[in-house]
Asker: 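This structure is in C-alpha cells; I'll ask about it shortly.
Letters A, B, ... are given to chains in the order of the sequence lines, protein chains preceding strands, and every chain is numbered from 1. All figures in this text were calculated on a predicted structure; none of them were measured in a lab.
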Amino acid sequence: MDELTAQRLAKLQQLRANGMDPYPPRVTRSHSAAEATAIAESLPADSTEALAGPVDIAGRVVARRDMGKATFVDLQDGSGRIQVLLRQNQLGDELYDALRLVDLGDFIGVHGVPMRTRTGQPTVGARTWAMLAKALHAPPEKYHGLADIELRQRRRYLDLMANEETRRTFTIRSQVVSAVRRFLDSRGFLEVETPILQEAAGGAAARPFITHYNALGEDRFLRISLELHLKRLVIGGMDRVYEIGRNFRNEGMSAKHNPEFTMLESYEAYADYNGVARMAEEMVSSVAGEVLGQTTVQFRGHEIDLAPPWRRLTLHNALKQYGALDIDEFGTAEKLRSELERRGLSVHPGLGWGKLVDEAMSHYVEPNLVQPTILLDYPVELSPLAKRKPGNPKLVERFEAFIGGFECGNAYTELNDPLDQRARFEEQLKLREAGDEEVELVDDDFLFALEHGMPPCGGFGMGIDRLVMLLTGQSTIREVILFPQHKTVKD
RNA sequence: GGGCCCGUAGCUCAGCGGUAGAGCAGUGGACUUUUAAUCCAUUGGUCGAGAGUUCGAAUCUCUCCGGGCCUACCA
C-alpha cells in the first residue's frame with residue numbers, strides 16, 4: 001500500500017477512536033451548495049453575524065486553506081461549490097482539531113449560517129461539521145486536473161471530479177436524450193424496447209458481436225441496428241414507435257466510432273422520407289434550443305446553424321458540385337471504379353456500384369457538408385430496406401443528414417413490398433458473393449412479417465453520440481461516451 | 001495495417017549518457033476572512049516491462065505492454 005493511502009487509513013482509524021463514524025448511514029442536509037450560495041448572496045458583504053437562518057450542507061472537500069485558527073474549505077456537490085469557514089472559537093478545540101483528519105476528496109457535512117466574507121465571497125460559517133465519507137485516495141491535482149486521456153476515460157469518476165467541462169458534456173448528453181424523448185412523445189410516438197440478443201443481426205451492413213446462450217445451446221448476435229424489430233411493430237399496428245438503444249458493431253474505433261453506440265430509430269406509419277426530413281430538422285433544432293437555449297453551435301471552428309429548413313441536395317447533384325463527378329456517366333461498377341482510380345482514390349476491389357458511389361460521396365462531399373444538409377436519393381444497392389424512387393428504379397427514397405462534416409442521421413421511405421424486399425436481400429447476397437463482406441443478410445422471419453402488410457412508413461435513425469458531439473463541441477466520440485472501450489490492462 | 005509521438009512521485013510536468021528534479025497533493029511548524037492562500041522545513045521513485053550497447057542508461061538500440069494523433073482498412 002502506498003504511503004498516502006496508509007495516512008488516510010490512519011486518519012480513518014483516528015476518527016473512529018474519536019467516536020466519529022467515517023461512513024455514517026445518514027446525513028442531515030437542508031440546502032444544496034447552490035441554494036446556500038443564493039442565500040449568502042442576498043446578504044451584504046462582510047456579514048459575519050448570523051443574518052440568515054442556519055443551513056445544513058454536504059459535499060466533497062475540493063480545496064482547503066488552513067489559516068491557523070481558521071480554516072477555509074470548498075465543498076462541492078452536484079449543484080456546485082460553496083466555501084465553508086471553520087473557526088476554532090465557533091467549533092471548539094476538539095472539533096476544530098479533528099479537522100486535521102479531513103483530506104481533499106472526503107465528504108463532510110456542515111451545519112452553519114450563510115454569510116459573506118469581507119471580499120463578498122458567499123460562505124457558510126460552520127457551527128459544527130461531521131465526516132460523511134472518508135476517501136482513501138487523493139483526488140486529481142487541483143489546478144491542472146486530470147489530463148491523461150486514457151485515465152480520464154478509464155477512471156471517469158476522477159475526470160468528473162476534476163474537470164468541469166466533462167461534467168457539462170455529460171449533463172448536456174443526458175438533457176439531449178431527454179429532450180429527444182419529449183419531442184417524440186409529444187408527437188404521439190411510443191417508446192419501446194426490442195431485443196439486444198438476436199438470432200440474426202440485421203438492419204445494417206456491419207459485422208456483429210457473437211455470444212452464446214447456454215440454456216438453449218445456441219449462439220446469439222448483439223444487435224447492429226434497431227430497424228427490423230421496430231418495423232415488426234409497425235406491421236402490428238403501432239403507428240409511431242421509437243427506441244433509443246445501444247447498438248454493437250464489431251469494427252474498429254475512431255474519432256467517430258465506438259463499438260457500442262447509442263442510436264435513435266423512429267418509425268412513423270403513413271409518412272414518407274420528406275415528412276421524416278421535416279421531423280429531423282425540427283427535432284435537432286428544438287433539442288438544441290431546449291438544451292443550449294440557442295440553435296447555433298460552435299463545432300471544429302465553424303458556427304453551425306441548426307434552425308430549419310436545412311439545405312436539401314440530391315446525392316447526384318452533390319457529387320457533381322463537390323467532385324465534378326456525374327455518376328450517370330459511369331453507370332456500372334467497372335466504369336465508376338476505373339474513373340475513381342483514375343482520380344487517385346484507392347477503392348477496395350469487389351465493391352459494387354452503390355458502394356463506389358458511397359466512397360466517392362465520403363471523399364468529395366461529406367467533408368464539405370458543414371451546415372446541416374439533407375442528402376437525398378441513394379443508390380438502391382446501398383439501401384436494401386428503402387423503397388425505390390418512382391421513375392428511377394436505381395435510386396431509393398433515402399436521405400442522410402450531415403452536420404459538421406459527418407453523417408448524423410439516416411432515413412427512408414420504408415420498403416413495404418415483401419416481394420421487392422426478398423429480391424433486394426437476394427441482391428445483397430450477390431454482392432457478398434462478389435466480394436463485399438458487409439451486406440444485409442436475408443431475414444426470413446422479417447420477410448414473413450412484412451408479408452402480412454406494413455403501411456407506408458417513414459423511418460429515421462440518428463446517432464445520439466454524434467448529436468451530442470455536435471451540441472457539446474467535442475471532436476471525438478470518446479469524449480461523449482462515459483466509459484468508451486479500451487484494451488484490457490495486463491499486469 | 002503504415003507513419004509520427006507519449007509513458008519519470010498520487011496528479012501536472014521538466015530532465016534526454018555522469019549522484020532522479022519542480023509545482024500541486026502529503027507530513028511537521030507559523031498564521032482567525034482565505035480563495036491556484038502565503039511562509040519555513042520535509043517525506044515520497046523498480047524513470048511502463050524485458051533484453052542489449054556502455055566504465056556508467058530515465059537518457060542510446062531492440063522487443064513487448066499501454067496510450068495519443070494522422071493515415072489506411074473495415075465499408
Asker: With heavy atoms under 4.0 Å as the rule, sort A:Ala205 into base, sugar-phosphate or nothing.
Answerer: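 Since no nucleic acid heavy atom lies under 4.0 Å of A:Ala205, the category is nothing.
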Asker: OP1, OP2 of B:A25 versus side-chain N and O of A:Arg64: anything below 4.0 Å?
Answerer: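 No, no such contact exists.
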Asker: Could you say whether A:Gly68 or A:Lys11 is positioned toward the 5' end of RNA chain B, judged by the nucleotide with the nearest heavy atom to each?
Answerer: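 The residue whose closest nucleotide sits nearer the 5' end is A:Lys11.
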Asker: Side chain of A:Met115: nearest nucleotide among B:G28, B:C13, B:U33?
Answerer: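 Between B:G28, B:C13, B:U33, the one nearest the side chain of A:Met115 would be B:U33.
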Asker: Under a 3.5 Å cut-off for both contacts, is B:U59 paired Watson-Crick or G-U wobble with anything, and if yes, with which nucleotide?
Answerer: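 Checking every strand shown, B:U59 finds no partner, since no pair has both distances under 3.5 Å.
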Asker: Judged by each residue's nearest nucleotide on RNA chain B, which is more toward the 5′ side, A:Gln88 or A:Leu151?
Answerer: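 It is A:Leu151, whose closest nucleotide lies nearer the 5' terminus.
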Asker: Give none if B:G26 has no partner; otherwise give the nucleotide forming a Watson-Crick or G-U wobble pair with it, both distances under 3.5 Å.
Answerer: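 Per the H-bond distance test, B:U42.
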Asker: Answer with yes or no after comparing the ring centroid distance for A:Phe299 and A:Phe406 against a 6.0 Å cut-off, counting only values under it.
Answerer: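 Yes.
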Asker: Is there, by distance only and without an angle test, a donor paired with an acceptor across the side chain of A:Thr119 and the base of B:U35 below 3.5 Å?
Answerer: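 Yes.
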Asker: When you check every protein heavy atom under 4.0 Å of nucleotides 40-45 of chain B, what one-letter string (B, S, -) results, 5' to 3'?
Answerer: ---SS-
Asker: Can you tell me the distance, in whole Å, between the CE atom of A:Met161 and the C1' atom of B:G10?
Answerer: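 In whole Å, B:G10 C1' lies 13 Å from A:Met161 CE.
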Asker: Any chance you could lay out the side-chain contact (heavy atoms from CB on, under 4.5 Å) test for A:His316 and A:Asp326, step after step, and finish with the verdict?
Answerer: CA-CA 7 Å; A:His316 181 267; A:Asp326 185 344; 3.1 Å; yes
Asker: Nearest to the side chain of A:Lys487, heavy atoms from C-beta on, is which of B:C74, B:G67, B:C31?
Answerer: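 Among the listed nucleotides, the one closest to the side chain of A:Lys487 is B:G67.
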Asker: So how far is it from A:Leu336 CG to A:Leu356 CG, rounded to the nearest 0.5 Å?
Answerer: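 Rounded to the nearest 0.5 Å, the CG-CG separation comes to 5.0 Å.
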Asker: Between A:His486 and A:Gln153, is there a side-chain donor-acceptor contact under 3.5 Å, judged purely by atom types and distance?
Answerer: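 Yes.
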Asker: Would you say A:Lys142 places a side-chain N or O within less than 4.0 Å of OP1 or OP2 belonging to B:A36?
Answerer: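 It does not, given that no N or O in the side chain of A:Lys142 lies less than 4.0 Å from OP1 or OP2 of B:A36.
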Asker: Name the pairing partner of B:A37, where a pair is Watson-Crick or G-U wobble with both distances under 3.5 Å, or state none.
Answerer: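 WC or wobble partner does not exist here.
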Asker: In whole Å, I'd like the distance from the CG atom of A:Asp97 to the C1' atom of B:U32.
Answerer: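 These atoms are roughly 14 Å apart.
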Asker: Which nucleotide in the set B:C69, B:A37, B:U12 lies at the smallest distance from any side-chain heavy atom of A:Thr476?
Answerer: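 Ranking B:C69, B:A37, B:U12 by closest atom to the A:Thr476 side chain puts B:C69 first.
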Asker: Taking the C1' atom in each of B:G28 and B:C65, what is the distance between them to the nearest angstrom?
Answerer: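 After rounding to an integer number of Å, I get 41 Å for this pair.
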Asker: With rounding to the closest Å, how many angstrom separate the C1' atoms on B:U61 and B:C24?
Answerer: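 One C1' to the other, the span is 36 Å.
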Asker: Counting only Watson-Crick pairs (N1-N3 plus N6-O4 or O6-N4) and G-U wobbles (N1-O2, O6-N3), all under 3.5 Å, who is the partner of B:U19?
Answerer: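 Checking every strand shown, B:U19 finds no partner, since no pair has both distances under 3.5 Å.
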Asker: Which listed nucleotide (B:C24, B:U34, B:U12) is nearest to the side chain of A:Leu146?
Answerer: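 Closest nucleotide to the A:Leu146 side chain: B:U12.
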Asker: Within this structure, what is the CG-to-C1' distance between A:Leu4 and B:C24, rounded to whole angstrom?
Answerer: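 It is 12 Å, rounded to the nearest whole Å.
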Asker: Taking a pair as Watson-Crick or G-U wobble with both distances under 3.5 Å, which nucleotide is matched to B:C64?
Answerer: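 Answer to the pairing question: B:G48, which forms a Watson-Crick or G-U pair with B:C64.
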Asker: Hey, are A:Ser32 and A:Asp77 close enough side-chain-wise for a donor-acceptor pair under 3.5 Å?
Answerer: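 The answer is no; no qualifying pair exists.
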Asker: Would you kindly say whether A:Gln83 and A:Arg65 are connected by a side-chain donor-acceptor distance under 3.5 Å?
Answerer: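 Note: A:Gln83 and A:Arg65 side chains meet the donor-acceptor criterion.
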Asker: May I have the distance from A:Glu479 (atom CD) to B:G68 (atom C1'), rounded to whole angstrom?
Answerer: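 Rounding to the nearest Å, CD of A:Glu479 and C1' of B:G68 are 12 Å apart.
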Asker: Is A:Arg207 touching bases, backbone alone, or none of the nucleic acid, heavy atoms closer than 4.0 Å?
Answerer: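 Answer is sugar-phosphate: A:Arg207 comes under 4.0 Å of backbone atoms only.
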Asker: Expressed in whole Å, how much space separates the C1' atoms belonging to B:C5 and B:A41?
Answerer: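 About 40 Å, rounded to a whole number of Å.
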Asker: Check every strand shown and say whether A:Glu251 touches a base, only sugar-phosphate, or nothing at a heavy-atom separation below 4.0 Å.
Answerer: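 Base, at least one base atom sits under 4.0 Å.
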Asker: Checking base pairs now: Watson-Crick or wobble, both atom distances under 3.5 Å. What partners B:C69?
Answerer: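 Result: B:G3.
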Asker: Determine the Euclidean distance between corresponding P atoms of B:C6 and B:A20; express it in Å to zero decimal places.
Answerer: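 Each nucleotide's P atom is 23 Å from the other's.
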Asker: Roughly, in whole Å, what's the span from CG in A:Asp66 to P in B:G28?
Answerer: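 The answer, rounded to whole Å, is 11 Å.
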Asker: Among B:G26, B:G66, B:U32, which nucleotide has an atom closest to any side-chain atom of A:Arg154?
Answerer: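 Selected nucleotide: B:G66.
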Asker: Between B:C55 and B:G17, how far is it from one C1' atom to the other, in whole Å?
Answerer: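 Roughly 12 Å separates the two C1' atoms.
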Asker: Taking only the side-chain heavy atoms of A:Thr123 (C-beta and beyond), determine which of B:U34, B:G67, B:U33 contains the nearest atom.
Answerer: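 Nucleotide nearest to A:Thr123's side chain: B:U34.
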Asker: Grab the CD-C1' distance between A:Glu141 and B:G23 for me, whole Å please.
Answerer: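 Value for this atom pair: 7 Å.
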Asker: Side chain of A:Asp103 only, heavy atoms from C-beta on: which candidate in B:U27, B:U32, B:U34 is closest?
Answerer: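 Among the listed nucleotides, the one closest to the side chain of A:Asp103 is B:U27.
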Asker: B:U53 and B:C60: how far apart are their C1' atoms, nearest whole angstrom?
Answerer: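 It comes out at 8 Å once rounded to the nearest Å.
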Asker: So A:Arg478, base contact, sugar-phosphate only, or nothing? Heavy-atom distance under 4.0 Å.
Answerer: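 Sugar-phosphate contact only.
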Asker: Hey, is the side chain of A:Arg65 poking within less than 4.0 Å of OP1 or OP2 on B:A37, counting only N and O atoms?
Answerer: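 True: A:Arg65 side-chain N/O within range (under 4.0 Å) of B:A37 OP1/OP2.
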Asker: Is A:Thr373 reaching over with its side chain to a backbone N or O of A:Leu369, donor-acceptor style, under 3.5 angstrom?
Answerer: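 The answer is no, because no donor-acceptor pair under 3.5 Å joins these two groups.
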Asker: Give me the distance, rounded to whole Å, that separates B:G21 from B:A9 when you measure between the P atoms they each carry.
Answerer: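 Here B:G21 and B:A9 have their P atoms 14 Å from each other.
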Asker: Please tell me which of the listed nucleotides, B:A25, B:U12, B:U33, lies nearest to the side chain of A:Asp148?
Answerer: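 Among the listed nucleotides, the one closest to the side chain of A:Asp148 is B:U12.
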Asker: Residues in side chain to side chain contact (heavy atoms under 4.5 Å, CB included) with A:Val102, at least two apart?
Answerer: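 Listed in chain order: A:Val61, A:Arg64, A:Leu99, A:Asp106, A:Ile108, A:Trp129, A:Met131.
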Asker: Once side-chain hydrogen bond (donor to acceptor under 3.5 Å, both in side chains) is applied, do any residues pair with A:Gln90, and if so which ones, sequence neighbours excluded?
Answerer: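 So A:Gln90 forms a side-chain hydrogen bond (donor to acceptor under 3.5 Å, both in side chains) with A:Arg127.
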Asker: Over all strands shown, is A:Asn89 touching base, sugar-phosphate only, or nothing at heavy-atom distances under 4.0 angstrom?
Answerer: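 Since a base atom lies under 4.0 Å of A:Asn89, the category is base.
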Asker: Could you state the OH-P distance from A:Tyr157 to B:G10, rounded to the nearest angstrom?
Answerer: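 It is 15 Å, rounded to the nearest whole Å.
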Asker: Both conditions, 6.0 Å and 45 degrees, for the charged tip of A:Lys335 above the ring of A:Trp353: are they met here?
Answerer: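 Judged by the rule (NZ or CZ under 6.0 Å from the ring centre, within 45° of its axis), A:Lys335 is not positioned above A:Trp353.
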Asker: Does the side chain of A:Asp377 pick up a donor-acceptor pair with the side chain of A:Tyr273 at under 3.5 Å?
Answerer: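 The answer is yes; a qualifying pair exists.
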Asker: Whole Å only: how far is the CG atom of A:Asp159 from the P atom of B:G67?
Answerer: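 Answer to the nearest Å: 17 Å.
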Asker: Using the C1' atom as the reference point in each nucleotide, state the distance between B:G66 and B:G50 in Å, no decimals.
Answerer: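 Roughly 15 Å separates the two C1' atoms.
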Asker: Let's test your reading of the model: under 3.5 Å, does the base of B:U34 pair with the side chain of A:Gln121 as donor and acceptor?
Answerer: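 Counting by modelled atom types and ignoring angles, no donor-acceptor contact under 3.5 Å is found here.
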